[in-house]
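Just so it is clear, the model here is predicted, and its values are computed rather than measured. All values below were derived from every heavy atom in this structure, side-chain atoms included, with hydrogens, water molecules and symmetry-related copies excluded.
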Amino acid sequence: MTYEVVSQETNAILIDNTIIFIGGTADYQIDVATLEQGNYTITVKSTQDDTTPCRLLFNFEVNENFAVEGVPALPEADAVQTICLAAFPTLAPTLQDIKVSATGEMMFYDTATDMDILPIDTALIDGEDYFISNIDPLNNCEGSDRIQVTVILSESGNANVIQRKPHILWFRRPIHK
């Protein structure tokens with residue numbers, strides 16, 4: 001097996017190593033302590049040259065991104081969001097209807113410390129708090145902080161709309177005889 005760690009900024013190979021083992025399994029750790037802050041890709045490759053009849057996969061390559069001290073910026077959203085149910089005549093609003101600005105994939109949770117990610121099609125509940133973090137697409141790191149959004153479901157078709165009374169102008173013409 002071989003593995004290499006590549007800088008995403010420079011494409012330079014910073015760590016390159018080979019592990020040789022015969023039969024069984026191998027446990028190994030990749031020392032990334034010498035890497036500076038940044039985004040990296042690790043590639044693990046395996047090539048077997050034996051003829052073991054039970055082996056299903058002789059060659060493989062796995063790539064994974066990671067970061068050293070790479071935490072994504074916190075998502076941004078209004079702390080309280082009113083959602084008009086009239087805009088959803090057939091299906092209930094879901095987590096994907098919460099307005100959030102974030103880099104990368106967003107993750108929704110029931111609490112600030114919950115580890116179970118809510119499915120994106122989870123129906124919103126009136127008055128419920130949802131907690132949102134995101135994953136940096138360059139390094140697969142999820143932010144450790146979460147923002148809180150409280151959802152208010154409104155039956156009124158007038159949620160978040162300012163209504164103005166129409167101005168009606170009446171003109172009178174003089175009547176000439």
Shortest non-hydrogen contact between Pro89 and Ala86, atoms and distance: CD-O, 3.8 Å

Is there a path of hydrophobic side-chain contacts, each under 4.5 Å between heavy atoms, that joins Leu35 and Tyr3? yes

Decide yes or no for Ser154 and Leu85: does some side-chain heavy atom of the first lie under 4.5 Å from some side-chain heavy atom of the second? no

Measure the shortest side-chain to side-chain distance between Asp78 and Lys99 over non-hydrogen atoms and say whether it is less than 4.5 angstrom. no

Contacts of Asp129 that satisfy side-chain contact (heavy atoms from CB on, under 4.5 Å) - sequence neighbours left out: Phe131, Gln148, Thr150

Please report the C-alpha distance between Val151 and Glu128 in whole Å, then the side-chain angles of each, then the deciding distance to 0.1 Å, and finally whether the side-chain contact (heavy atoms from CB on, under 4.5 Å) criterion is met. CA-CA 6 Å; Val151 171; Glu128 187 72 24; 5.6 Å; no

Indicate yes or no: at least one non-hydrogen side-chain atom of Val80 is less than 4.5 angstrom from one of Val149. no

What pairs with Thr10 under side-chain contact (heavy atoms from CB on, under 4.5 Å), at least two apart in sequence or on another chain? Ser7, Ala12

Value for CD1 (Ile152) from SG (Cys84), rounded to nearest 0.5 Å, stands at 13.5 Å

Under a 4.5 Å cut-off applied to non-hydrogen side-chain atoms, are Tyr109 and Ile132 in contact? no

side-chain contact (heavy atoms from CB on, under 4.5 Å) partners of Ala79, counting only residues at least two apart: none

Pairwise distance CG(Asn39) to CG(Asp136) - rounded to 0.5 angstrom: 6.0 Å

In this structure, are over 12 heavy atoms from other groups packed under 6.0 Å from Glu61 atom CD? yes

Least distance between heavy atoms, Asn134 atom then Thr103 atom: ND2-O, 2.7 Å

Distance-only, no hydrogens or angles: does the Arg146 side chain make a donor-acceptor pair with backbone N or O of Thr111 under 3.5 Å? yes

In the structure I gave you, are the side-chain heavy atoms of Asp97 and Phe88 within less than 4.5 Å of one another anywhere? yes

For Ala102 versus Pro75, what's the shortest heavy-atom pair and its separation? CB-CB, 3.8 Å

Approximate separation, where rounding is to 0.5 Å, of Ile98 CD1 and Phe108 CZ: 5.0 Å

May I ask you to decide if Val100's main-chain N or O and Glu76's side chain share a donor-acceptor pair within less than 3.5 Å? no

Within the distance-only criterion (no hydrogens, no angle test), does the side chain of Asp16 pair as donor or acceptor with the backbone N or O of Glu4 below 3.5 angstrom? no

Using a 4.5 Å cut-off between side-chain heavy atoms of Ile, Leu, Val, Met, Phe, Trp and Tyr, which other residues end up in the same hydrophobic cluster as Ile13? Val6

Review item, side-chain donor-acceptor pairs of residues 112-127, under 3.5 Å, at least two apart:
residue, atom, partner, partner atom, Å
Asp114, OD1, Asp116, N, 3.2
Thr122, OG1, Pro119, O, 2.6
Asp126, OD1, Leu153, N, 2.8

Restricting to side-chain contact (heavy atoms from CB on, under 4.5 Å), what partner residues turn up for Thr41, sequence neighbours left out? Gln8, Thr43, Asn63, Asn65

Spell out, yes or no, whether Tyr130 and Ile135 are grouped together once hydrophobic residues are joined by side-chain heavy atoms under 4.5 Å, including indirect joins. no

